[in-house]
**Student:** 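The structure is given below, and queries will be raised subsequently.
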Amino acid sequence: MHWADFTAQRLKLECGENLVAASGITPSGEFHLGHIREILSAEMIHRACLDAGLDSRYIFIVDSMDPLRRVYPFLSDEYEQYIGCPLAFIPAPNPDGTPSQDGLSYAEHFLGPFLEALQQIGVFPEVIMNHQTYENGDFAVKIDSAIQNTDTIKDIIERISGRELPDDWFPYKPLGSDRSMDGVTVTGYEKPYVHWTDRHGESGSADIRKADGKLPWRIDWAARWGIHGITCEPAGKDHGAAGGSFDTGIPICKLLDSEPPAKMVYEWIQLKGSGPMSSSTGNTIGPIEALSLVPPEILRYLIAGSKMNKHIDFNTGPALFQMADEYERLVANPPSGTDEELNKRQRVARDTQNAALRLSQVKHGTNPSDSLAGVSFRHLAMLAQIKSNDDNIWKSLFESDHIFDPNPSDALIDRLSRMRNWIESVHFPDDARIVIQSELTEDARKNLDGEQMSFLINFKQAISDITWNDEQISQAIKDTVEVTQIGARQAYIAIYWAVLGQHFGPRASSLLVEIGSEKLEQLLP
RNA sequence: GGGCCUGUAGCUUAGUCAGGUAGAGCGCCGGGCUUUUAACCCGGUGGCCGUGGGUUCGAAUCCCAUCAGGCCCGCCA
């Protein structure tokens, strides 16, 4: 059974019919593909719950109350003054890294494009800005309870995480006079006010019913589970480590009088060969960039087709062909068979794969076969390279029986457009690139026998005064084959050696049309 | 130092929770499509399931140990 369906089943038993799946991300910088796993893990469980006839909501909590931790490389030095301030209350950066004046908050700035990317992959969460939850007072009861239980919480964190907290540790961080929570000391608590003094010598009171401060992360997380009634929140493996925030969150959540979701941890996405994604090392690919290359259902399939506890190597090179073609094959030929025909393992495989397809659809509930483009990635990549005009590609696909309607489907048009982006990008793998030689190479000469050489010489003459189109070229090849008394196969091989420097290639006449007569003559002996 | 995950065919992996004869895709090889779209179709090759013990009638699966790879653990979400 698929992990999403399995989880839905488990949630039904443990939590009943009303479920809330959640994701949470700090908008401290550009979102990257790793965040897509956070989102999709939860969203797919949400869909699986709906498919199982349960009531389910999916919420995306934006950690907008989290402080700016440091001046990231893409920020100007002016951000120094905002360190420690909630991301919701500081200005968005301009492209040059300076704070902008247009009123958009830092959190909103990075969130916007990410939400657009989510729409493209069919994810429509209820977005909750965490600072608003503070602002409207929903945290107040939990904050009060946390403060009442300061010693117990401190004990839980110290015992489970093995971390030692300072004597004056307090489970609430008020904002100081400069709206930063750095350098602020709590001096007392009189419900609902937390009194403080800050590093500037100012003092004041934070109202726990307002966004005047926040709970530290480990408590914030545990509190929000209760506030939003969250029954499931898959978390990244950083939270899942022993003594991590999931382990402390569970008892803290109970202490604050709510039922925590069960621990659930997903592995990270890595870029093949270069470790985990990190914006500081530049080893990152954004959801928008990924979506310009990869069709959304295939990006979903990347997550749906992997087990949660397996790390995913995202590779915009050769592996993308494999993943895309695997998806295409599965959609074209979904696993079938009755329970009687299959053994236990085959049934599991069948159900898991069908569920992965179901969950990969951009629009919930649509038939996977609607996303069928009808042509493999590999084949489309070849066509896109040798035909600059889209219409010629549709024509070719129709004539080769890949598609049965001369007008391409929306899915196919979409595929081609992303394919062209991919080919133009640095991510496109070299060995899939069709490289036209600039001269008849030494290597080619070595591999051509006398017959083939004379074929090429005759062929050069045959094309010297023809109209440059597919049909005429094809005819010229056939005519020359007859004249030269050479096997057709050998003739084609000769052409490929001359043009591509290898013994095989895409349909010769199509290729030659694109190369042009002038260029071709340079390549022939 | 503490902990998590992974190790199955050349590659990507399913199967591990509920033990019952090792599956798939890709690649590769051969054939077909009787003059090639890197397409498509058919057939075939290929695995002491990381290693060593243990439990069991029976272990990829459970237990212990061990090796290898990846990763997480600073009031940081």
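Proteins get letters first, then strands, A, B, ... in listed order; numbering begins at 1 in each.
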**Student:** In whole angstrom, what separates A:Ile160's CD1 from B:rG2's C1'?
**Tutor:**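 It works out to 14 Å between those atoms.
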
**Student:** Which is more 5' along RNA chain B, the nucleotide nearest A:Gln353 or the one nearest A:Asp168? Just name the residue.
**Tutor:**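 Closest to the 5' end, via its nearest nucleotide, is A:Gln353.
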
**Student:** Classify A:Leu383 by what it touches in the nucleic acid, base, sugar-phosphate, or nothing, heavy-atom distance under 4.0 Å.
**Tutor:**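 It contacts base atoms.
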
**Student:** Would you check if the side chain of A:Ser64 reaches a backbone N or O of A:His131 as a donor-acceptor pair within less than 3.5 Å?
**Tutor:**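 Between the backbone of A:His131 and the side chain of A:Ser64 there is a qualifying donor-acceptor contact (under 3.5 Å).
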
**Student:** Nearest nucleotide by nearest heavy atom, which residue falls closer to the 5' end of RNA chain B, A:His311 or A:Trp217?
**Tutor:**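 Its nearest nucleotide lies further toward 5', so the answer is A:His311.
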
**Student:** Can you tell me the pairing partner of B:rU56 across any strand shown, Watson-Crick or G-U wobble, with both distances under 3.5 angstrom?
**Tutor:**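 Paired with no nucleotide.
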
**Student:** Within this structure, what is the CD-to-C1' distance between A:Glu164 and B:rC75, rounded to whole angstrom?
**Tutor:**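 Answer to the nearest Å: 13 Å.
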
**Student:** Once you apply a heavy-atom cut-off of 4.0 Å, does A:Trp169 come out as touching a base, just sugar-phosphate, or nothing?
**Tutor:**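 Base contact.
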
**Student:** So, A:Glu233 and A:Trp221: side-chain donor and acceptor under 3.5 Å apart, yes or no?
**Tutor:**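 Side chains of A:Glu233 and A:Trp221: pair found under 3.5 Å.
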
**Student:** Over all strands shown, is A:Leu330 touching base, sugar-phosphate only, or nothing at heavy-atom distances under 4.0 angstrom?
**Tutor:**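 Contact class for A:Leu330: none.
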
**Student:** Provide the distance between the two P atoms, one in B:rG1 and one in B:rG15, to the nearest whole Å.
**Tutor:**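 33 Å, rounded to whole Å.
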
**Student:** In whole Å, measure the gap between the C1' atoms of B:rA68 and B:rG50 for me.
**Tutor:**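 To the nearest whole Å, 7 Å.
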
**Student:** Using the ring centroid of each side chain, check whether A:Trp225 and A:Phe246 are separated by less than 6.0 Å.
**Tutor:**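 For A:Trp225 and A:Phe246, the ring centres are under 6.0 Å apart.
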
**Student:** Using OP1 and OP2 only, check whether a side-chain N or O of A:Arg218 sits under 4.0 Å from B:rA77.
**Tutor:**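 For B:rA77, OP1/OP2 do not have a side-chain N/O of A:Arg218 under 4.0 Å.
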
**Student:** Any idea which of B:rC75, B:rC17, B:rU37 is nearest the A:Pro166 side chain?
**Tutor:**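 Nearest nucleotide to the side chain: B:rC75.
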
**Student:** Taking pairing as Watson-Crick or G-U wobble with both contacts under 3.5 Å, can you name the mate of B:rG43, or confirm there isn't one?
**Tutor:**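 B:rC29 - that is the nucleotide pairing with B:rG43, both distances being under 3.5 Å.
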
**Student:** Would you measure the distance from the C1' atom in B:rG20 across to the matching atom in B:rG46 and give it in whole Å?
**Tutor:**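 Comparing C1' positions in B:rG20 and B:rG46 gives a spacing of 25 Å.
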
**Student:** Rounded to the nearest Å, what distance is computed from the CD atom of residue A:Glu267 to the P atom of nucleotide B:rC71?
**Tutor:**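 Taking CD of A:Glu267 and P of B:rC71, I get 10 Å after rounding.
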
**Student:** I need the CE-C1' distance between A:Met264 and B:rC5, as an integer number of Å.
**Tutor:**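 Roughly 16 Å, once rounded to whole Å.
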
**Student:** Pick the P atom in B:rC28 and in B:rA39, then give their distance to the nearest Å.
**Tutor:**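 After rounding to an integer number of Å, I get 9 Å for this pair.
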
**Student:** Does the ring center of A:Phe110 lie less than 6.0 Å from the ring center of A:Phe114?
**Tutor:**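 Ring-ring flag for A:Phe110/A:Phe114: false, centres at least 6.0 Å apart.
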
**Student:** Okay, side chain of A:Lys173, backbone of A:Pro216: is any donor-acceptor separation there less than 3.5 Å?
**Tutor:**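 Flag not set: sc A:Lys173 to bb A:Pro216 has no pair under 3.5 Å.
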
**Student:** For A:Leu412 and B:rA39, what is the distance between atoms CG and P respectively, to the nearest whole Å?
**Tutor:**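 Answer to the nearest Å: 18 Å.
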
**Student:** Looking only at side-chain atoms of A:Thr26, point me to the closest of B:rC72, B:rA77, B:rU36.
**Tutor:**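 The nucleotide sitting nearest to the side chain is B:rA77.
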
**Student:** Would the A:Phe74 and A:Tyr72 ring centres measure less than 6.0 Å apart?
**Tutor:**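 That pair passes the under 6.0 Å test.
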
**Student:** Return no unless some side-chain N or O of A:Lys310 is found under 4.0 Å from OP1 or OP2 of B:rA14.
**Tutor:**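 Looking at the OP1 and OP2 atoms of B:rA14, one of them is under 4.0 Å from a side-chain N or O of A:Lys310.
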
**Student:** Please work out which of the three classes, parallel, tilted or perpendicular, describes the rings of A:Phe31 and A:Phe60, given edges at 30° and 60°.
**Tutor:**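 A:Phe60 and A:Phe31: perpendicular rings.
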
**Student:** Check this one for me: any side-chain N or O of A:Asn309 less than 4.0 Å away from OP1 or OP2 of B:rC4?
**Tutor:**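 Result: no.
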
**Student:** In the structure shown, which nucleotide is the Watson-Crick or G-U wobble counterpart of B:rC71, with both distances under 3.5 Å?
**Tutor:**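 B:rC71 is paired, partner B:rG3.
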
**Student:** Calculate the interatomic distance between A:Asp167 atom CG and B:rC75 atom P; express it in whole Å.
**Tutor:**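 So the CG-P distance, A:Asp167 to B:rC75, works out to 15 Å.
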
**Student:** Quick one: which of B:rC17, B:rC71, B:rA77 gets closest to the side chain of A:Phe6?
**Tutor:**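 Within the option list, the nearest is B:rC17.
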
**Student:** Taking B:rU56 as the reference, what is the distance to B:rC11 when you measure between their C1' atoms (whole Å, please)?
**Tutor:**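 That atom pair is separated by 35 Å.
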
**Student:** Looking only at side-chain atoms of A:Asp66, point me to the closest of B:rC72, B:rA38, B:rA77.
**Tutor:**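 Closest nucleotide to the A:Asp66 side chain: B:rA77.
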
**Student:** Which value, in whole Å, describes the distance between the P atoms of nucleotides B:rG19 and B:rC63?
**Tutor:**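 Going atom to atom, P in each nucleotide, I get 11 Å.
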
**Student:** Can you tell me the distance, in whole Å, between the NZ atom of A:Lys395 and the P atom of B:rU37?
**Tutor:**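 Whole-Å distance recorded here is 15 Å.
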
**Student:** Scan every strand shown for a Watson-Crick or G-U wobble partner of B:rU36, both distances under 3.5 Å, and answer none if you come up empty.
**Tutor:**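 Its partner is none (no Watson-Crick or G-U wobble pair with both distances under 3.5 Å).
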
**Student:** In whole angstrom, give me the gap between the C1' atoms of B:rU36 and B:rC40.
**Tutor:**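 To the nearest whole Å, 12 Å.
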
**Student:** Taking the C1' atom of each, how far is B:rG10 from B:rC75, in whole Å?
**Tutor:**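 Per the computed distance, 50 Å lies between those C1' atoms.
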
**Student:** Which listed nucleotide (B:rC75, B:rA14, B:rC5) is nearest to the side chain of A:Lys307?
**Tutor:**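 Given the options B:rC75, B:rA14, B:rC5, the side chain of A:Lys307 is closest to B:rA14.
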
**Student:** Could you state the atom-to-atom distance from CE of A:Met181 to C1' of B:rA77 in whole Å?
**Tutor:**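 For the pair A:Met181 CE and B:rA77 C1', the rounded distance is 12 Å.
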
